**Student:** 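What follows is a single structure, and I will ask about it in a moment.
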Amino acid sequence: MRVDEPDLFADATAARTPRATVPAAGASAGTLPPLAVRMRPGSLSEVRGQRSALRPGSPLRRLIEGHGGTAGPLSAILWGPPGTGKTTLAHLVAQAAGREFVQLSAVTAGVKDVRTVMEGARRTRDLYGRATVLFLDEIHRFSKAQQDALLPGVEDRTVILVAATTENPSFSVIAPLLSRSMLIRLESLTDEEVGEVIDAALTDERGLGGAYQLAPEARAHVVRMSGGDARRSLTFLEAAAGVALDALPGGHGLPDRDDPAPITLAHVEQAVEHAAVRYDRAGDQHYDVASAFIKSMRGSDVDAALHYLARMLEAGEDPRFIARRIVISASEEIAMADPTALQTAVAAMHAVAQIGMPEARLILAQAVVHNCLAPKSNAVYTAIGAAIADVRAGKGGAVPAHLRGSGYAGAERLGHGAGYAYAHDEPDSVAAQQYLPDDLAATADYYHPKERGFEARMIERWAWLRDRLRGRLQGR
């Protein structure tokens, strides 16, 4: 029993598709599956990357090698970016001990498909004694009810579930399924590992079979544009080989080991229009990039902040979300060190809402640069945090009587407003009277201006005000 595999290149569309599948030496064009499919590792020794997940004795390695616990092998959830080998590892799990392999995609499958797989798995187990591996791609797209349908088969180990997701399972997979499975984190490949994937594809008979010669600068460009995604690197390599094949003079024939076709940097640049942006607007990458964006502004690194801004914009992030983050940063990280940063940020937020993309990128960039270059102070942030902490701790008694509202009948009889000094009646418009509740009047100490930017100019006035307002309470 086998369910047809989905398109393996649905998330690797940044390359221009060659006119036909690029042939290896001795093969005819248009008769081969894509290069990334042909080069899928057939054994653990061919797998690149994932050294931690596949270390000797690790749960995933034991599952692939056919080992299991006392009740049999556990199911696994593979979490990682595209092109890190999730599908490959699922195939390797299925190879152990002659297991059956069934593949579903959460994009197209439903509860009925899951139940069909479970029934078939039971028959295979009862009649032939073989276990079934169910590879479920993009499990995060399954609803809670659809994921619930997997539980009985996973619970009694009717199937060995190998589920793949690019999103954090803590947010996208139901807790009962998580508790019954091993959670295995896969990492993007290093540049060196991507280079090994490319080199193998160039020489292996399953790949290009030595019929193409990749220039060093072209290889470096493919590695860089792949972003740690092995499948994407092979897609780019195949597209570049297609461009190189088309560039051969008429009558040259197909390249082979004896007369390989050169793949130059120009061929790669022509095939690969731009790098695919790795970013998801609802998952952990969204939060990671947004976090890096905010921390780069806090750290005053203009280039880094603009990089993460560009990354979000190119991935289709809502510019209004970005604008709100800039406004928050202007108060949290800068505040009185440069009060105009908040003005710029708020103006940018309103302008973005009115103008939209693509012009909004200029407005956002201006606000980002202002935030980065402005002197930093978190004095306002820490001040309100300390005040809130006191309130949550139960501090803060009754409002002093002279500050209470006196604009209603009976207030005067209650003593409300009695003795209140109107600040503007004072020569300097500062009335030395108690404003805090009694239990905080002598201890509240929240705001401490920093000696940075505009806020440094406020330190002298801040000290004078504290002495004027609190000196009397402290016996001065």
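Count residues from 1 along the sequence. Just the heavy atoms: all of them, side chains too, but no hydrogens, waters or symmetry mates, feed the values below. The structure presented is a predicted model; accordingly, all values stated were derived computationally and were not measured.
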**Student:** For Glu46, does its backbone N or O pair with a side-chain atom of Arg48 as donor and acceptor, under 3.5 Å?
**Tutor:**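 Yes: the side chain of Arg48 pairs with the backbone of Glu46.
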
**Student:** Between CG of Leu364 and CG of Leu362, what distance do you get to the nearest 0.5 Å?
**Tutor:**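 Nearest 0.5 Å value for the CG-CG distance: 9.0 Å.
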
**Student:** Please tell me whether His91 and Thr88 have a donor and an acceptor in their side chains that are separated by less than 3.5 angstrom.
**Tutor:**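 His91 vs Thr88: no donor-acceptor pair found between side chains.
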
**Student:** Please determine if Glu205 and Arg257 form a salt bridge, counting it only when a charged side-chain N lies under 4.0 Å from a carboxylate O.
**Tutor:**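 Yes.
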
**Student:** Distance check, rounded to the nearest 0.5 Å: Glu238 atom CD versus Leu245 atom CG?
**Tutor:**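 With rounding to 0.5 Å, CD (Glu238) is 11.5 Å from CG (Leu245).
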
**Student:** Does one side chain, of Ser377 or Glu455, offer a donor that lies under 3.5 Å from an acceptor on the other?
**Tutor:**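 Yes, Glu455 and Ser377 have a side-chain donor paired with an acceptor closer than 3.5 Å.
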
**Student:** In sequence, state the C-alpha distance, the side-chain angles, and the governing distance for Asp338 and Phe454, and then conclude on side chain to side chain contact (heavy atoms under 4.5 Å, CB included).
**Tutor:** CA-CA 6 Å; Asp338 181 0; Phe454 178 83; 5.7 Å; no

**Student:** Check Ala304 against Ser296 and note the closest heavy-atom contact, atom names and distance.
**Tutor:**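 What the structure gives for the nearest pair is CB-OG, 3.5 Å.
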
**Student:** State, with a plain yes or no, whether a side-chain heavy atom of Val173 is found less than 4.5 Å away from one of Ile77.
**Tutor:**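 Heavy-atom side-chain distance check passes, below 4.5 Å.
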
**Student:** Using atom types as modelled and distance alone, determine if a side-chain donor or acceptor of Lys450 lies under 3.5 Å from a backbone N or O of Ala379.
**Tutor:**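 No, because the side chain of Lys450 does not come within donor-acceptor range (under 3.5 Å) of the backbone of Ala379.
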
**Student:** For residues Arg157 and Leu74, report the shortest heavy-atom separation together with the two atoms involved.
**Tutor:**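 Scanning both residues completely, I find the closest heavy atoms to be NH2-CD2, 3.1 Å.
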
**Student:** Quick check: does any side chain N or O of Gln147 sit under 3.5 Å from a backbone N or O of Lys144, one acting as donor and the other as acceptor?
**Tutor:**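 No, the answer is negative, given that no donor and acceptor are paired below the 3.5 Å cut-off.
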
**Student:** Looking at residues at least two apart in the chain, or sitting in another chain, which of them share a side chain to side chain donor-acceptor pair (under 3.5 Å) with His350?
**Tutor:**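 Result, side chain to side chain donor-acceptor pair (under 3.5 Å) vs His350: none returned.
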
**Student:** Is any side-chain heavy atom of Leu44 less than 4.5 Å from a side-chain heavy atom of Ile64?
**Tutor:**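 Yes, their side chains come closer than 4.5 Å.
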
**Student:** Indicate whether any N or O donor in one side chain lies under 3.5 Å from an N or O acceptor in the other, for His140 and Asn168.
**Tutor:**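 Asn168 and His140 do not have a side-chain donor-acceptor pair below 3.5 Å.
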
**Student:** Decide if atom CD of Glu217 counts as having more than 12 heavy atoms of other residues, nucleotides or ligands within a radius under 6.0 Å.
**Tutor:**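 Counting other residues, nucleotides and ligands, CD of Glu217 exceeds 12 neighbours.
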
**Student:** Can you see which heavy atom on Asn371 is nearest to which on Ala341, and at what distance?
**Tutor:**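 Heavy-atom minimum between the residues: OD1-CB, 3.9 Å.
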
**Student:** When rounded to the nearest 0.5 angstrom, what distance separates CD1 in Ile198 from CG in Leu35?
**Tutor:**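 Ile198 CD1 to Leu35 CG: 10.0 Å, rounded to 0.5 Å.
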
**Student:** List the steps, then state whether side chain to side chain contact (heavy atoms under 4.5 Å, CB included) holds for Thr264 with Val268.
**Tutor:** CA-CA 7 Å; Thr264 67; Val268 174; over 6 Å; no

**Student:** Side-chain donor-acceptor pair under 3.5 Å between Ser143 and Gln146, yes or no?
**Tutor:**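 Indeed, the side chains of Ser143 and Gln146 share at least one donor-acceptor pair under 3.5 Å.
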
**Student:** Can you find a heavy atom in the side chain of Pro81 that is under 4.5 Å from one in the side chain of Ser188?
**Tutor:**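 Touching, per the 4.5 Å side-chain cut-off.
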
**Student:** About how many Å separate CG of Asp137 and OG1 of Thr165, when rounded to the nearest 0.5 Å?
**Tutor:**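 Atom-to-atom, Thr165:OG1 and Asp137:CG are 9.0 Å apart.
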
**Student:** Atom CH2 in Trp79, atom CD1 in Ile139: separation rounded to 0.5 Å?
**Tutor:**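 Taking CH2 in Trp79 and CD1 in Ile139, the distance rounds to 14.0 Å.
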
**Student:** Give a yes or no on whether Glu332 atom CD has more than 12 heavy-atom contacts from other residues, nucleotides or ligands under 6.0 Å away.
**Tutor:**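 Result for CD/Glu332: enclosed.
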
**Student:** Can you check whether Val154's main-chain N or O pairs, donor with acceptor, with Thr158's side chain at less than 3.5 Å?
**Tutor:**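 No; zero donor-acceptor contacts below 3.5 Å.
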
**Student:** Compare all side-chain heavy atoms of Val117 with those of Val114 and state whether any distance is below 4.5 angstrom.
**Tutor:**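 The answer is no, as the side chains (C-beta and beyond) never meet within the 4.5 Å cut-off.
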
**Student:** Identify the heavy atoms of Lys86 and Gly80 that sit nearest to each other, and give their distance.
**Tutor:**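 Where Lys86 meets Gly80 most closely, the heavy atoms are NZ-O, 3.1 Å.
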
**Student:** Going through the distances and angles, do Asp199 and Arg219 end up as a salt bridge (charged side-chain N to carboxylate O under 4.0 Å, His left out)?
**Tutor:** CA-CA 9 Å; Asp199 294 341; Arg219 179 183 184 274; 2.9 Å; yes

**Student:** List the atom of Ser226, the atom of Phe236, and the distance in Å for their closest heavy-atom pair.
**Tutor:**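 Heavy atoms only, the tightest pair is OG-CD1, 4.0 Å.
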
**Student:** Apply side chain to side chain contact (heavy atoms under 4.5 Å, CB included) to the pair Leu54 and Leu60, showing each step before the final yes or no.
**Tutor:** CA-CA 6 Å; Leu54 292 173; Leu60 179 58; 3.7 Å; yes

**Student:** Would you say the side chain of His370 lies within less than 4.5 Å of the side chain of Thr340, judging by non-hydrogen atoms?
**Tutor:**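 The answer is yes; the side chains approach within 4.5 Å.
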
**Student:** May I have all residue pairs that pass salt bridge (charged side-chain N to carboxylate O under 4.0 Å, His left out) and include part of residues 172-183, sequence neighbours excluded?
**Tutor:**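 Listed by first then second residue: Glu155-Arg180.
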
**Student:** Checking Arg311 against Tyr308: charged group under 6.0 Å from the ring centre and within 45 degrees of the axis?
**Tutor:**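 Here Arg311 fails the 6.0 Å and 45° test against Tyr308.
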
**Student:** Would you confirm whether Glu193, through its side chain, and Thr190, through its main-chain N or O, come within 3.5 Å as a donor-acceptor pair?
**Tutor:**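 Indeed, once roles are kept as given, a pair shorter than 3.5 Å links the two residues.
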
**Student:** For the residue pair Thr116 / Lys112, report whether a side-chain donor-acceptor contact shorter than 3.5 Å exists.
**Tutor:**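 On atom types as modelled, these side chains do not qualify, holding no pair under 3.5 Å.
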
**Student:** I'd like to know if the side chain of Arg232 and the backbone of Asp229 have a donor-acceptor N/O pair within less than 3.5 Å.
**Tutor:**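 No; zero donor-acceptor contacts below 3.5 Å.
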
**Student:** What I'd like to find out is whether the side chain of Ile160 reaches to under 4.5 Å of the side chain of Thr132, using heavy atoms alone.
**Tutor:**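 With C-beta onward as the side chain, the pair stays apart.
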
**Student:** Are Pro169 and Leu183 side-chain neighbours, meaning at least one heavy-atom pair lies under 4.5 Å?
**Tutor:**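 Heavy-atom side-chain distance check passes, below 4.5 Å.
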
**Student:** Between Asp113 (side chain only) and Gly110 (backbone N and O only), is there a donor and an acceptor less than 3.5 Å apart?
**Tutor:**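 The answer is yes, because a donor-acceptor pair under 3.5 Å joins these two groups.
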
**Student:** Measure the CG-CG distance between Leu237 and Leu208 for me, rounded to the nearest 0.5 Å.
**Tutor:**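 Output value for this atom pair is 5.0 Å.
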
**Student:** Hey, is the main chain of Arg61 close enough, under 3.5 Å, to the side chain of Ser58 for a donor-acceptor pair?
**Tutor:**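 Yes; judged by distance alone, with no hydrogens or angles, the pair exists.
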
**Student:** Is a donor on one side and an acceptor on the other found under 3.5 Å between the side chain of Arg38 and the backbone of Gly207?
**Tutor:**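 Answer holds: yes.
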
**Student:** Are there over 12 heavy-atom neighbours, none belonging to Glu196, within less than 6.0 Å of that residue's CD?
**Tutor:**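 Yes, enclosed.
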
**Student:** Does atom CD of Gln354 have more than 12 heavy-atom neighbours, drawn from other residues, nucleotides or ligands, at distances under 6.0 Å?
**Tutor:**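 No, CD of Gln354 has 12 or fewer neighbouring heavy atoms, counting only those of other groups under 6.0 Å.
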
**Student:** Taking all atoms of both residues into account, what is the closest heavy-atom pair of Val302 and Cys372, and its distance?
**Tutor:**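 Nearest pair, atom of Val302 first, then Cys372: CG2-CB, 3.5 Å.
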
**Student:** Show your working on salt bridge (charged side-chain N to carboxylate O under 4.0 Å, His left out) between Glu138 and Arg141 and close with a plain yes or no.
**Tutor:** CA-CA 6 Å; Glu138 300 191 83; Arg141 295 182 181 272; 2.8 Å; yes

**Student:** With side chains defined as the heavy atoms from C-beta onward, is the minimum distance between Glu333 and Met297 less than 4.5 Å?
**Tutor:**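 No. Closest side-chain heavy atoms not under 4.5 Å.
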
**Student:** Dump the intermediate steps for side chain to side chain contact (heavy atoms under 4.5 Å, CB included) on Leu151 and Asp148, then the final yes or no.
**Tutor:** CA-CA 5 Å; Leu151 286 175; Asp148 282 339; 3.8 Å; yes

**Student:** For the backbone of Leu161 and the side chain of Ser75, can you confirm whether one donor and one acceptor N or O come within less than 3.5 Å of each other?
**Tutor:**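 Checking the backbone N and O of Leu161 against the side chain of Ser75, a donor-acceptor pair under 3.5 Å is found.
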
